[in-house]
Number of protein chains: 2
Amino acid sequence: MSIDHRSGCPINLSLEVFGDRWSLIILRDMIFGGKRHFRDLLNGSLERIASNILADRLKRLMELGMLTRADDPTHKQKAIYSLTEMAITLVPILAHLGAWGRVWLPVSEELSIRAELLEKGGPPMWEKFMDELRHEHLGTPSDTPPDATVRATLQAGYEAIVAGKAPGAMPAPDQLISPIAGRLCY
Amino acid sequence: MSIDHRSGCPINLSLEVFGDRWSLIILRDMIFGGKRHFRDLLNGSLERIASNILADRLKRLMELGMLTRADDPTHKQKAIYSLTEMAITLVPILAHLGAWGRVWLPVSEELSIRAELLEKGGPPMWEKFMDELRHEHLGTPSDTPPDATVRATLQAGYEAIVAGKAPGAMPAPDQLISPIAGRLCY
DNA sequence: GCAAACCAATTGCATTTTGCAATCGGTTGC
DNA sequence: GCAACCGATTGCAAAATGCAATTGGTTTGC
């Protein structure tokens with residue numbers, strides 16, 4: 001408990017980190033959307049974050065050790081934001097959060113397919129995804145081909161829903177949603 | 001998406017429910033602390049919530065379907081707040097949140113022992129805890145004796161730490177904390 | 001029977017955070 | 001050369017938060 005914390009409770013301290021309406025949205029877009037640049041995050045999210053709030057949160061998340069910032073070699077003013085291990089380990093929390101929201105909140109089908117696939121993939125898929133993020137953001141070696149990534153799998157599911165057809169690897173929609181019997185509890 | 005949501009994304013909608021500094025603190029105190037009354041929540045938490053904010057959040061959580069309110073038969077002005085199934089299913093999220101905070105944030109030992117025990121207990125313990133909460137808040141039948149509850153187990157761990165001695169069922173402290181090798185990923 | 005403690009809030013007010021629109025100085029593509 | 005793009009910053013109104021005091025009523029202790 002370095003400075004000015006309300007308590008040393010793990011849940012409280014976690015809330016002090018991302019207990020606001022935007023921090024996790026930004027991390028979601030970086031993790032699931034692969035966004036690395038200010039403009040991508042500004043224009044890419046459905047929730048339309050304001051630029052001053054985005055700037056504030058990026059700064060804050062850097063101070064907290066969740067993100068790092070580096071100059072983009074291809075463009076003198078471009079900055080590349082990277083996830084740290086601290087942020088990458090949020091994947092299971094985001095998976096649970098998505099699963100919970102999918103059961104209890106009025107989610108839209110096309111936006112919840114990713115959460116559904118991630119829930120069905122379970123911890124093995126989360127671990128694979130975290131390894132991919134480590135490769136992408138921390139430079140860790142990886143042997144996953146670009147088309148077999150978890151992100152590509154989730155994206156394919158999304159696009160299949162948007163296109164109105166089921167992808168080959170997907171079960172029928174009525175088998176996917178079973179909030180009671182198949183309730184996620186990892 | 002009934003009214004005024006930023007997007008139908010499950011993570012976004014979840015954040016709209018408890019993406020603030022107090023809602024999850026209140027639910028934490030109800031779930032782990034067994035608090036059911038306004039005064040308990042007001043005076044019981046370390047984070048010292050203000051009474052107007054507590055009142056506002058209780059109202060809000062009721063409107064969202066996370067809590068219900070009933071008159072306490074033993075006291076004409078006393079209100080009893082109960083968790084709904086929607087709130088009870090937050091247990092895995094809180095467990096992950098606590099586990100994450102314990103690894104990455106400056107938690108205090110005595111306040112993180114509960115998170116640690118809950119992490120080690122894993123999904124079976126979370127399920128047991130949720131069943132206990134259903135019994136306590138929803139009146140569901142249960143055959144767990146009062147001294148064998150998950151909450152009592154967590155509380156015993158906490159008190160053992162505070163008293164400065166390890167309880168019988170607890171492994172040595174150096175075995176408990178292994179943030180890398182034993183990282184939680186349920 | 002009566003005061004003190006307790007009950008779930010509510011009120012007023014100052015401070016902080018948020019959301020929005022416009023704009024900044026600089027860089028790149030064409 | 002100039003439009004589009006880059007990561008921000010500024011100004012300002014609105015909303016949320018934090019704090020202290022208070023409300024109208026109930027129960028407890030004696």
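Residue numbers begin at 1 in each chain, while the letters A, B, ... track the order of the sequences.
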Within 45° of the ring axis of B:W22 and under 6.0 Å from its six-membered ring centre, is that where the NZ or CZ of B:R28 lies?
-> no
Out of D:dA16, D:dC19, C:dT18, whichever nucleotide has its closest atom nearest the side chain of B:R57 = D:dA16
Could you check how far CZ of A:R6 sits from P of D:dC19, rounded to whole Å?
-> 11 Å
Is the shortest distance from a Lys or Arg side-chain nitrogen in A:R102 or A:E119 to a carboxylate oxygen in the other one below 4.0 Å?
-> yes
Check the distance between D:dG7's C1' and A:I49's CD1 and give it to me in whole angstrom.
-> 14 Å
Would you kindly give the CG-to-P distance between B:N52 and D:dT17, to the nearest whole Å?
-> 10 Å
More 5' along DNA chain D: B:I53 or A:N43, using each one's nearest nucleotide?
-> A:N43
Among the nucleotides C:dC7, D:dG7, C:dT10, which one has an atom lying closest to any side-chain atom of A:K78?
-> D:dG7
Verify the ring-centre separation between A:Y158 and A:F32: is it less than 6.0 angstrom?
-> no
Distance, rounded to the nearest Å, where B:L54 contributes CG and D:dA16 contributes P | 17 Å
Could you tell me whether B:E132 and B:K128 make a salt bridge, using a distance below 4.0 angstrom between a side-chain N and a carboxylate O?
-> yes
CG of B:D56 versus C1' of D:dG18: gap in Å, rounded?
-> 13 Å
Of A:H75 and B:H75, the one whose closest DNA chain D nucleotide lies more 5' = A:H75
At under 4.0 Å, does any side-chain N or O of A:R21 touch on OP1 or OP2 of C:dT18?
-> no
Return the 5'-most residue of the pair B:A79, A:R39 with respect to DNA chain C, ranking by each residue's nearest nucleotide.
-> B:A79
Hey, which sits more toward the 5' end of DNA chain C by its nearest nucleotide, B:L42 or A:K76?
-> B:L42
Between A:W22 and C:dG19, does any side-chain N or O lie under 4.0 Å from OP1 or OP2?
-> yes
Heavy-atom donor-acceptor pair, A:Q77 side-chain to D:dG7 base, under 3.5 Å | no
Within the structure shown, what part of the strands sits under 4.0 Å from B:R48 by heavy-atom distance: base, sugar-phosphate, or nothing?
-> nothing
